[in-house]
Trainee: 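Before we start, here is the structure in question, set down as structure tokens.
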Amino acid sequence: MLEGLPPNNASHGLRLVADETCARVVADLVVETFDPAETAAAAFEEPGGGAWAVEVFFAAAPDEAAVRALIASAAGAESAAAAQFFEISQQDWVGASLAGLKPVRAGRFLVHGAHDRAAVAANDIGLEIEAALAFGTGHHGTTLGCLRALVDICERRRPRRVLDVGTGTGVLAIAAARLLRAPIACGDADPVAVAVARENARANGVGALARPVVALGVRHQSLSPARYDLILANILAKPLRLLAPSLAAVAAREAELVLSGLLARDVAGVLAAYRAQGFSLARRRDIDGWATLVLRRGGEAARPARA
């Protein structure tokens, strides 16, 4: 999932201090609404705890009135009025926007930045992901949902062939490679994301196991011939629907699919696309308003588990 590709040389920003719920809602709304190649957002707890902040970065000067109206629709007029717009001078704005994010845990996985290496315990599987030109740090509900689904699946069985579609920073492919100690197929349509994912894989000691390629879906010679028993796709609702036939074509008979990047309203449409390919819902997990689905081939489960 590209949680808003940061624009190169961002020129303008927005900052809003609020409670956690408001900050997360506004950040998610920005990611959903604006062109991800032009805008990025991050919600994080302020130093000292208590208050949260959301920061938004724009490639060009935004329509302030329109942005305030958008915030008001989700978080109220008071929050909209409190938003502060600013111009960005020369700075490492991506790192500044995410530096306050704390490590995130999903089972044995601990996703962290370089400044939090000391937080990784002896039994943890540390995933060091820095802010860069592709998002997917583990703090977003979609990435976290996929990591938790990966943990759940690997506690039940050991997938032999894994595919990560739309790899972004590579965090899911890296997590699977670290956990399974096996090659993980992965790709992304964006060359910048692929370059970032390759560097992250090397930095996490799995450069030989996770070698992302530039690919639209599974349209790459290194991805399409195989049959995968676990497919991870953390993208967005529309591309997930469009990818249903091609993912089904590379899925093994007993395959499980982990799909995310979905708001609650997107779930029904995505499920319909995959049911048409013979998959059913096995589990749904909702985090911060985003849904992660685990699908399996066969008849619909009577009561799919939710968490």
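Just so we're clear, the structure is a prediction, and the values are computed from it rather than from any experiment.
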Trainee: Any sub-3.5 Å donor-acceptor pair from Thr39's side-chain atoms to Phe34's backbone N or O?
Mentor: no
Trainee: Identify the heavy atoms of Ile174 and Ala201 that sit nearest to each other, and give their distance.
Mentor: CD1-N, 3.6 Å
Trainee: Under the rule for side chain to side chain contact (heavy atoms under 4.5 Å, CB included), what residues qualify as partners of Ala226, not counting sequence neighbours?
Mentor: Arg161, Tyr228
Trainee: Would you list the pairs meeting side chain to side chain donor-acceptor pair (under 3.5 Å) in which at least one residue belongs to residues 62-74, sequence neighbours left out?
Mentor: none
Trainee: Taking the side chain as C-beta and beyond, is there a heavy-atom pair between Leu209 and Ile184 under 4.5 Å?
Mentor: no
Trainee: Can you say whether the rings of Phe58 and Phe85 are parallel (under 30°), tilted (30 to 60°) or perpendicular (over 60°)?
Mentor: parallel
Trainee: Can you give each donor-acceptor pair under 3.5 Å made by side-chain atoms of residues 237-251, sequence neighbours left out, with the distance rounded to 0.1 Å?
Mentor:
residue : atom : partner : partner atom : Å
Ser246  : OG   : Leu243  : O            : 3.0

Trainee: Under the salt bridge (Lys or Arg N to Asp or Glu O under 4.0 Å) rule, collect the residues that match up with Arg15, sequence neighbours excluded.
Mentor: Glu46, Glu55
Trainee: Does Arg285 form a side chain to side chain contact (heavy atoms under 4.5 Å, CB included) with Arg283? I'd like the steps, not just the answer.
Mentor: CA-CA 7 Å; Arg285 175 180 275 114; Arg283 182 166 190 169; 3.4 Å; yes
Trainee: What verdict does the side chain to side chain contact (heavy atoms under 4.5 Å, CB included) test give for Leu180 and Cys154, after you've listed the backbone C-alpha separation in whole Å, the side-chain angles of each residue and the deciding distance to 0.1 Å?
Mentor: CA-CA 8 Å; Leu180 299 170; Cys154 291; 3.9 Å; yes
Trainee: What residues join Val120 in its hydrophobic cluster, counting side-chain heavy atom gaps under 4.5 Å, either direct or through other members?
Mentor: Leu110
Trainee: Would you mind telling me which of Leu14, Ile71, Val56 makes a side-chain contact (heavy atoms from CB on, under 4.5 Å) with Val30?
Mentor: Val56
Trainee: List in chain and number order the residues that pass side chain to side chain donor-acceptor pair (under 3.5 Å) with Arg160, two or more places apart in sequence or in another chain; answer none if no residue qualifies.
Mentor: none
Trainee: For the side chain to side chain donor-acceptor pair (under 3.5 Å) test, which of Asn234, Thr142, Asp28 pairs with Trp290?
Mentor: Asp28
Trainee: Sequence neighbours left out, what passes side chain to side chain donor-acceptor pair (under 3.5 Å) with Asn204? Give chain and number order.
Mentor: none
Trainee: Measure the CG-OH distance between Leu293 and Tyr274 for me, rounded to the nearest 0.5 Å.
Mentor: 10.0 Å
Trainee: Over all heavy atoms of both residues, which pair between Cys186 and Leu223 is shortest? Give the atoms and the distance, please.
Mentor: N-CD2, 4.0 Å
Trainee: By side chain to side chain contact (heavy atoms under 4.5 Å, CB included), which residues pair with Ala82, not counting sequence neighbours?
Mentor: Leu16
Trainee: Given 3.5 Å as the limit, does a donor-acceptor pair link the side chain of Arg284 with the main chain of Ala291, or not?
Mentor: no
Trainee: Tell me, which pairs form a salt bridge (Lys or Arg N to Asp or Glu O under 4.0 Å) where one or both residues lie in residues 249-259, sequence neighbours left out?
Mentor: Arg156-Glu256, Arg157-Glu256, Glu256-Arg296
Trainee: Under the side chain to side chain donor-acceptor pair (under 3.5 Å) test, which residues partner Arg158, sequence neighbours left out?
Mentor: none
Trainee: Heavy-atom distance under 4.5 Å between the side chains of Leu150 and Leu230, does that happen here?
Mentor: yes
Trainee: Could you report the tightest heavy-atom contact between Ala23 and Trp52, atom names first, then the distance?
Mentor: CB-CB, 3.9 Å
Trainee: Identify the heavy atoms of Leu147 and Ala106 that sit nearest to each other, and give their distance.
Mentor: CB-CB, 3.8 Å
Trainee: Verify the distance criterion only: is there a donor paired with an acceptor across the side chains of Ser260 and Thr292 at less than 3.5 Å?
Mentor: yes
Trainee: Test your reading of the model: is there a side-chain donor-acceptor pair from Arg202 to the backbone of Ala208, 3.5 Å cut-off?
Mentor: no
Trainee: Could you state the interatomic distance from CZ (Phe109) to CD1 (Ile125), rounded to the nearest 0.5 Å?
Mentor: 5.0 Å
Trainee: Quick check: closest heavy atoms across Ala27 and Ala41, and the distance to 0.1 Å?
Mentor: O-CB, 3.9 Å
Trainee: Return a table of donor-acceptor pairs under 3.5 angstrom between the side chains of residues 210-220 and protein atoms on other chains or two or more places apart.
Mentor:
residue : atom : partner : partner atom : Å
His220  : ND1  : Ser222  : N            : 3.0
His220  : ND1  : Ser222  : OG           : 2.8

Trainee: I'd like to know whether Val294 forms a side chain to side chain contact (heavy atoms under 4.5 Å, CB included) with Leu257, so could you lay out the CA-CA distance, the side-chain angles of the two residues, the decisive distance to 0.1 Å, and finally the verdict.
Mentor: CA-CA 6 Å; Val294 177; Leu257 275 56; over 6 Å; no
Trainee: Verify the cluster assignment for Val25 and Val17: are they in a single hydrophobic cluster under the rule of side-chain heavy atoms below 4.5 Å apart?
Mentor: no
Trainee: Hey, could you give me the OG1/CG distance between Thr143 and Leu232, rounded to the nearest 0.5 Å?
Mentor: 11.5 Å
Trainee: With a 3.5 Å distance limit and no angle check, can you tell me whether Asn200 reaches the backbone of Gly170 through a side-chain donor-acceptor pair?
Mentor: no
Trainee: Using salt bridge (charged side-chain N to carboxylate O under 4.0 Å, His left out) as the criterion, point out the one residue from Arg108, Arg117, Arg105 that pairs with Asp124.
Mentor: Arg105
Trainee: When rounded to the nearest 0.5 angstrom, what is the spacing between CZ in Arg227 and CG in Leu163?
Mentor: 11.5 Å
Trainee: Taking atom CG of Leu172 and atom SG of Cys146, what is their separation to the nearest 0.5 Å?
Mentor: 5.0 Å
Trainee: Should Leu70 and Leu29 count as side-chain neighbours, where that means a heavy-atom distance under 4.5 Å?
Mentor: yes
Trainee: Applying salt bridge (Lys or Arg N to Asp or Glu O under 4.0 Å), name anything that partners Asp19, two or more places apart in sequence or on another chain.
Mentor: none
Trainee: How about Leu295 and Ser280: do any of their side-chain heavy atoms sit closer than 4.5 Å?
Mentor: no
Trainee: Measuring from Asp266:CG to Leu259:CG, what's the distance to the nearest 0.5 Å?
Mentor: 12.0 Å
